[in-house]
Amino acid sequence: MFTLATWNINSVRLRAQLVCRLLADEAPDILCLQECKSPVDKIPAEVFHALGYHWIVARGQKGYNGVAIISRIPIEDAGDRDYARLGHARHVAARLPGGVVIHNVYVPAGGDEPDRTVNVKFGQKLDFLTDMRDAFHADRPGRSILVGDLNIAPREDDVWNHRQMLKIVSHTPTEVEHLGAAQDAGGWVDVTRKDIPTGPLFSWWSYRARDWAAANRGRRLDHIWATQDISGASHSSRILRDVRGWEGPSDHVPVFARFDLAP
DNA sequence: ATGGTCGCACAGCGA
């Protein structure tokens with residue numbers, strides 16, 4: 001059995017103490033971070049090490065992007081992909097002792113305008129998802145988990161107001177379709193929604209709201225997926241809303257799931 | 001309809 005968490009930390013160096021607090025309070029076996037905004041050699045690995053998290057598999061760059069998998073069970077580096085050939089640190093994979101592979105993904109946000117003819121970043125987001133789809137189609141994953149900030153809230157109840165969000169990047173039909181194609185190509189099951197099938201579910205609230213909790217204009221951008229062969233072993237999904245209220249928070253909160261598998 | 005807040009790194013870009 002192991003507990004897995006994913007969290008867009010928005011600078012792992014600035015928020016190393018928040019990571020420690022989560023590790024101490026919730027003790028996930030594996031924590032996947034996105035937007036570390038740090039070269040790998042500047043990630044404060046020692047402080048995680050001191051809490052028993054002896055393994056880190058990461059990709060990084062200066063200032064932007066960056067993904068890391070922090071683990072207290074042994075993991076080995078299982079490589080990375082440069083979807084859409086952006087040259088960004090947006091994917092890394094790790095293998096658990098039993099052979100389960102964990103993909104940690106940070107999908108491009110996509111800018112403000114949901115039109116690739118006027119907004120290059122939106123096109124890059126769609127291309128990233130198309131490349132992911134093609135990779136999973138060519139090499140269909142088994143006994144795998146995919147987590148991360150996918151920057152898309154696919155369902156009506158994954159946003160505070162579906163109608164109002166239809167032309168807002170992260171909830172446009174085009175993006176939802178691209179994400180669905182990548183999900184279908186890999187045979188991925190949305191573990192969070194398997195466990196919590198109905199009702200509003202958010203993992204992100206903008207920094208720009210006067211009062212994020214009162215307005216509650218959230219979106220579910222952060223996801224845990226598993227291939228069908230192991231999705232039945234998952235349970236106890238949780239989204240830690242309270243973490244948004246911690247001092248100096250990330251705009252995202254951690255998403256958790258447990259897997260009844262030998263790690 | 002607009003502007004609102006962060007982080008990086010030191011001006012403005014990305015989110």
Side-chain angles (χ1 to χ4, degrees), chain A residues 6-22 32-44 47 58-68 82-91 104-116 118-129 147-154 158-161 163-172 174-176 178-179 202-223 241 243-255:
Chain A
T6 180
W7 192 13
N8 178 318
I9 192 62
N10 188 17
S11 176
V12 69
R13 281 184 278 175
L14 189 69
R15 298 198 166 83
Q17 287 317 303
L18 294 192
V19 174
C20 288
R21 181 172 169 188
L22 186 80
C32 298
L33 298 174
Q34 304 85 35
E35 274 206 273
C36 296
K37 294 186 173 178
S38 173
V40 171
D41 62 1
K42 292 191 172 161
I43 295 174
V47 300
R59 297 293 185 273
Q61 61 187 93
K62 205 167 119 179
Y64 301 97
N65 310 314
V67 285
D82 183 16
Y83 299 123
R85 295 174 174 268
L86 299 173
H88 297 171
R90 293 182 177 274
H91 170 263
N104 183 14
V105 184
Y106 175 47
V107 173
D112 288 333
E113 188 65 43
D115 177 351
R116 67 179 308 154
V118 297
N119 172 16
V120 172
K121 290 204 283 285
F122 191 73
Q124 291 174 342
K125 182 178 196 175
L126 300 180
D127 291 346
F128 190 98
L129 294 163
V147 308
D149 176 4
L150 305 186
N151 264 316
I152 296 172
D158 290 337
V159 293
W160 67 280
N161 185 317
R163 231 171 53 84
Q164 211 157 319
M165 289 285 300
L166 278 168
K167 292 180 178 174
I168 304 297
V169 171
S170 74
H171 194 61
T172 64
T174 307
E175 291 166 89
V176 172
H178 278 71
L179 184 68
F202 310 144
S203 66
W204 174 91
W205 293 262
S206 172
Y207 282 128
R208 297 180 190 178
R210 288 191 199 95
D211 184 340
W212 70 272
N216 199 29
R217 296 187 170 191
R219 308 176 195 173
R220 187 172 71 105
L221 304 179
D222 303 276
H223 299 265
R241 186 182 204 270
V243 172
R244 185 64 176 78
W246 287 3
E247 180 84 20
S250 168
D251 44 357
H252 296 251
V253 299
V255 180

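Labels below follow one simple rule: chain letters A, B, ... track the order of the sequence lines, proteins then strands, and each chain is numbered from 1.
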* Between A/R13 and B/dG7, is there a side-chain N or O to OP1/OP2 distance below 4.0 Å? ->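 It does not, given that no N or O in the side chain of A/R13 lies less than 4.0 Å from OP1 or OP2 of B/dG7.
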* Short side-chain N/O contact from A/S11 to OP1 or OP2 of B/dC8, under 4.0 Å ->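 A/S11 to B/dC8 OP1/OP2: side-chain N or O found under 4.0 Å.
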[atom1] atom, [N] versus [M]: distance in rounded Å?
N      : M     : atom1 : value
B/dG3  : B/dA9 : P     : 28 Å
B/dC6  : B/dT2 : P     : 23 Å
B/dC13 : B/dA1 : C1'   : 24 Å

* With sequence neighbours excluded, tell me which residues meet ring-ring contact (aromatic ring centres under 6.0 Å, His included) with A/H91. =>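 If we apply the ring-ring contact (aromatic ring centres under 6.0 Å, His included) test to A/H91, skipping adjacent residues, the hits are A/Y83, A/H103.
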* To do: Return the value, rounded to whole Å, for the distance between atom CG of A/D211 and atom C1' of B/dG4.
  =>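 Computing the A/D211:CG to B/dG4:C1' distance gives 14 Å.
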* To do: Calculate the interatomic distance between A/I9 atom CD1 and B/dC6 atom P; express it in whole Å.
  =>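 A/I9 atom CD1 is separated from B/dC6 atom P by 15 Å.
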Under the side chain to side chain donor-acceptor pair (under 3.5 Å) rule, collect the residues that match up with [X], sequence neighbours excluded.
X      : answer
A/T172 : A/E175
A/H88  : A/R90
A/S250 : none
A/D82  : none

* Asked: Among A/H178, A/R116, A/R85, whose side-chain hydrogen bond (donor to acceptor under 3.5 Å, both in side chains) with A/D127 holds?
  ->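 With A/D127 as partner, A/H178, A/R116, A/R85 yield a single side-chain hydrogen bond (donor to acceptor under 3.5 Å, both in side chains), made by A/R116.
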* Asked: When all nucleic acid strands are considered with a 4.0 Å heavy-atom cut-off, which category describes A/R217: base, sugar-phosphate, or nothing?
  ->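 Nothing, no nucleic acid heavy atom in range.
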* Mark up nucleotides 10-15 of chain B, 5' to 3', with B wherever a protein heavy atom is under 4.0 angstrom from a base atom, S wherever such an atom reaches only the sugar-phosphate, and - elsewhere. => ----SB
